[in-house]
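Just below is one structure, and these are the notes that go with it.
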Amino acid sequence: MKSGCRVFNLYGPTETTIYATYHEVTLNENNYVPIGKPFSGAIVKLVNQEGNKGELYIGGKGVTQGYVLDPVKRREKFISEAGINYYKTGDIVEQLDNGELVFLERMDDQVQVNGIRIELGEVKTIASEVMGVKSAVAKYQNGRIYIFYLADNDKTAEINHKLPRYLNPIIIRVPEFLYTYNRKIDAKKMIEKYYLKKQYLRNDTKDIEQELEKLLAKFNVSALKDLDSLDLVRFIIEVESAFKIEIEDAELNQINNLSQLDQLVVKKLTGNNEVKGAFASEVDLDNLKLLFDNFSAEYGSEPIIASPTAQSLFSQGKTSFSILEFDLKEASYTEIRRIYQLLTELANKVDLLNYAWFINDKKLEFRPILNSSIPFLVATGEIKRSDLEKIMYQKPGRPIFIALVDLSSSKLRLIFSHHSLDAASETLLKKRFSNLYQGDELASALPVSSFASYSKFLKKQNEQVDLAKAIEEIPETSENLNLSKDKKLLHVISFPAKVKDVDTAYIQGIYTLAKAVISERHLSQVTGKLALNIRKFKEFDAQNVLGDLHATLPWEVKATDSLADFKQRYFVTKQLYQTGIDYRYCLFNKLGKDLEFLPVLEKKWKAMNLSPNYLGEVKSVQAVIDEIWQLPFKANYITMVSCHGKMYAILYGDLLKEKNIKICLDGKDFVVQTQILENK
């Protein structure tokens, strides 16, 4: 060391706010460099000692309070003794005569195999000493020892020969070691990438088929088509977990049976599935612009009322797109012509593919396109959303639908603007087009989808609404929640929930949230309106209709309500709306008897507290959060999803102040947790 330079070896885990001990290097160290003595404010002690060796516990001012949203791990790693909080490091250390500590090994490097205690460090050393092995690591996972090594040639047999037979390790030659974010060996990821996938591929493909059948049987069905939308997502999550793969929506849209899913899994396991796309060129954008600028058609004279949500977004100047992706078998001229023909046949069955948008009295409406083919463009890459906005929203009279073929990624994208398609309709359309494309169904056999007929039905039903009675149906909101919004912060509320269908999701989710708010704020009630996709009405069957069919139902949870009380009111309201009545529809379109009551109705409607919208079962809550960051929702708008037996409510508003609130549901206590995320 240069004169005047002092070097210190610092030690400490993250849970103790990084450094807890220090040792000044003197160059007199021989076999080891101690981790030293504790800093001022840090307390250390050795537990389960054998002589002067033991596990290191660290206490003092730097110790954190625990892990956010993980009470189980907190109880495992933190203890309190004599008023001092300690963190169990899991590090075995030795205390020297001068009080300094020397790190020896990790506790989790000591394992038992067939009752014999093994030091993984010794296994690593033996493997590393084999001629030709550049480096090796030994890890214990799933009851087995795994040895990963780097070498130019296969040294598996030689390593195995050097080790005791009772170890029976799994030895894997790898091209590189994989690490976690904090640079620790990621054994789990290496097992998945370098061992499990290869094992599946070594076996007969019937093993994959049998595994898929076994996973499907958990849902009490024998065919993919028999799964509802919630269970389909759950099943795909099971498949991804079992085979350690990720299935994209565009790929899933092409899967109609287990045989096709089996082929996709094999494709994923072999790694022959990464097709990187590119963005469209300036020429592509010019072609898209010309397609819409030169669009000419005759339109139906009778307007089709857009949904209240579509009207609301449009009046606020917000754009909305549904983009459905499909993987193409090939991007040849013949295939593209076939796709165009299929879409033309589909447009003869689905009127939504033949709509243009207009403005009438400052309101958004649609009209049918009578004498023009569907907009269809082949591009060298993907069209950005911002470019779609500039072109499709530029002026009235433009189509709300376009089909785009992306040659760079061999994908077909069906794009709908102006919030003209809801999530349930997206799922239905994916299934219909996929059946056509795969040849599983003929266009002539597809049911007719008439959003125009649905729109006429709604208008007729709501023209007869007794607005004075409607005012009584909407709950009186006693107190404003006064939610504040920070566009850089998202509040993610989570709690256990067994979601069987949309109704149970709303009943459990809204009741639990409302009870948590009532408990924390000492309120008598919480009110709101929820978005529900109703497709079966008493006088109209909309099960095959594609469009935005969401109705908005008012709700109330009182402090005195049991879950059964709220459930009963929920279904009473739903039954009313299944007649076609929709109070929000009346407000947006000024429909109903005695229109002088509309202002009072509107005032009560706007006063309600919360607006939850359940999207369904999702594979990734983080993906939903990432999407919400892009959307400027109001503070009281709640996006609800379910995933792995939990319900998540995501919003910008500061609905719950406390991080943990205890709730009792059907006699069972559980905790409603809130995590605040910052958009950096």
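Note that these values count all heavy atoms, side chains included, but never hydrogens, waters or copies made by symmetry.
Contact record, Val621 with Val641: CG2-CG2, 4.5 Å, taken as the closest heavy-atom pair. Here the closest non-hydrogen pair linking Phe8 and Glu24 is CE2-CB, 3.5 Å. Of all non-hydrogen atoms in Pro496 and Phe670, the two that sit nearest each other are CD-CD1, 3.7 Å. Ala151 approaches Gly132 most closely through the heavy-atom pair CB-O, 3.4 Å. Taking each heavy atom of Glu211 and Ala242 in turn, the nearest pair found is OE2-CB, 4.1 Å. The two residues Asp501 and Leu230 come nearest to each other via the heavy atoms CA-CD1, 3.5 Å.
Between Ile676 and Leu490 the shortest side-chain heavy-atom distance does not fall below 4.5 Å. When side chains are defined from C-beta on, Leu610 counts as touching Trp555, because their heavy atoms get closer than 4.5 Å. Within the 4.5 Å cutoff, no side-chain heavy atoms of Leu651 are placed close to those of Phe633. Two residues are said to be in side-chain contact when any heavy atoms from C-beta on lie closer than 4.5 Å; Asn609 and Val517 fail this criterion. Side-chain contact between Phe495 and Ile663: absent, with no pair of heavy atoms (C-beta onward) separated by less than 4.5 Å. Between Ile170 and Ile191 there is no side-chain heavy-atom pair separated by less than 4.5 Å. Taking 4.5 Å as the limit, some side-chain heavy atom of Ser642 sits within range of a side-chain heavy atom of Tyr614. Residues Pro632 and Lys318 form a side-chain contact, since some pair of their non-hydrogen atoms from C-beta on lies under 4.5 Å apart.
In this structure, the side chain of Glu94 does not engage the main chain of Lys53 through any donor-acceptor pair within 3.5 Å. No side-chain donor-acceptor contact under 3.5 Å links Glu81 to the backbone of Tyr86. Between the side chain of Gln525 and the backbone N or O of Ser478 there is at least one donor-acceptor pair closer than 3.5 Å. In this structure, the side chain of Tyr194 does not engage the main chain of Pro175 through any donor-acceptor pair within 3.5 Å. A donor-acceptor pair under 3.5 Å is absent between the side-chain atoms of Asn636 and the main chain of Gly653, judged by distance alone. Between the side chain of Lys515 and the main chain of Asp561, a donor-acceptor pair closer than 3.5 Å is present. When atom types are taken as modelled, the side chain of Glu158 and the backbone of Lys155 share no donor-acceptor pair closer than 3.5 angstrom. Although no hydrogens or angles enter the test, the distance criterion places no donor-acceptor pair under 3.5 Å between the side chain of Thr16 and the main chain of Gly12. Between the side chain of Ser241 and the backbone N or O of Glu238 there is no donor-acceptor pair closer than 3.5 Å. Looking at Tyr652, its side chain does come within 3.5 Å of a backbone N or O of Ile628 through a donor-acceptor pair.
If you check the side chains of Ser409 and Glu382, you find no donor sitting under 3.5 Å from an acceptor. For the residue pair Asp154 / Tyr149, a side-chain donor-acceptor distance below 3.5 Å is found, with atom types taken as modelled.
Applying side-chain hydrogen bond (donor to acceptor under 3.5 Å, both in side chains) to Tyr67 and the options Arg74, Lys77, Glu76, Glu15 leaves one that passes, Glu15.
Here the CG-OG1 distance, from Asn660 to Thr674, works out to 8.0 Å after rounding to the nearest 0.5 Å. The OG1 atom of Thr14 sits 10.0 Å away from atom OH of Tyr19, with the distance rounded to the nearest 0.5 Å. Note: Lys45 NZ to Ile58 CD1 = 12.5 Å, rounded to the nearest 0.5 Å. Here the CZ-CD1 distance, from Arg173 to Ile147, works out to 15.5 Å after rounding to the nearest 0.5 Å. Phe39 contributes atom CZ, which lies 14.0 Å from atom NZ of Lys61 (distance to the nearest 0.5 angstrom). From Leu656, atom CG reaches atom CG of Leu513 across 7.0 Å, with rounding to the nearest 0.5 Å.
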Which is it for Ile185 and Lys139 under the side chain to side chain contact (heavy atoms under 4.5 Å, CB included) test, yes or no, and what are the steps along the way?
CA-CA 9 Å; Ile185 290 290; Lys139 293 293 178 181; 3.9 Å; yes
Just do the side chain to side chain contact (heavy atoms under 4.5 Å, CB included) check on Tyr11 and Ile18 with the steps written out, would you?
CA-CA 8 Å; Tyr11 162 88; Ile18 314 302; over 6 Å; no
Given salt bridge (Lys or Arg N to Asp or Glu O under 4.0 Å), test Glu55 with Lys88 step by step and report yes or no.
CA-CA 8 Å; Glu55 181 186 0; Lys88 306 175 184 179; over 6 Å; no
Intermediate values then yes/no, side chain to side chain contact (heavy atoms under 4.5 Å, CB included), Lys162 and Val130
CA-CA 8 Å; Lys162 292 275 187 180; Val130 171; 4.0 Å; yes
Mind running side chain to side chain contact (heavy atoms under 4.5 Å, CB included) on Leu163 and Ile145 for me, showing each step along the way?
CA-CA 12 Å; Leu163 295 168; Ile145 291 177; over 6 Å; no
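For Phe177, the CZ atom is densely surrounded, since the number of other residues' heavy atoms within 6.0 Å is greater than 12.
Ion pair Lys657/Glu520 not flagged as a salt bridge, since none of the NZ, NE, NH1 or NH2 atoms sits closer than 4.0 Å to an Asp/Glu carboxylate oxygen. A salt bridge links Asp152 with Lys134: the closest approach of a Lys/Arg side-chain nitrogen to an acidic carboxylate oxygen falls below 4.0 angstrom.
Looking at residues two or more places apart in sequence or on another chain, you find a ring pair (Phe, Tyr, Trp, His ring centres under 6.0 Å) between Tyr87 and Phe78.
A cation-pi contact, defined as under 6.0 Å to the ring centre and within 45° of the axis, is absent between Lys567 and Tyr511.
Pairs engaging residues 616-638 under the salt bridge (charged side-chain N to carboxylate O under 4.0 Å, His left out) rule: Arg234-Glu617, Glu240-Lys619 [sequence neighbours left out].
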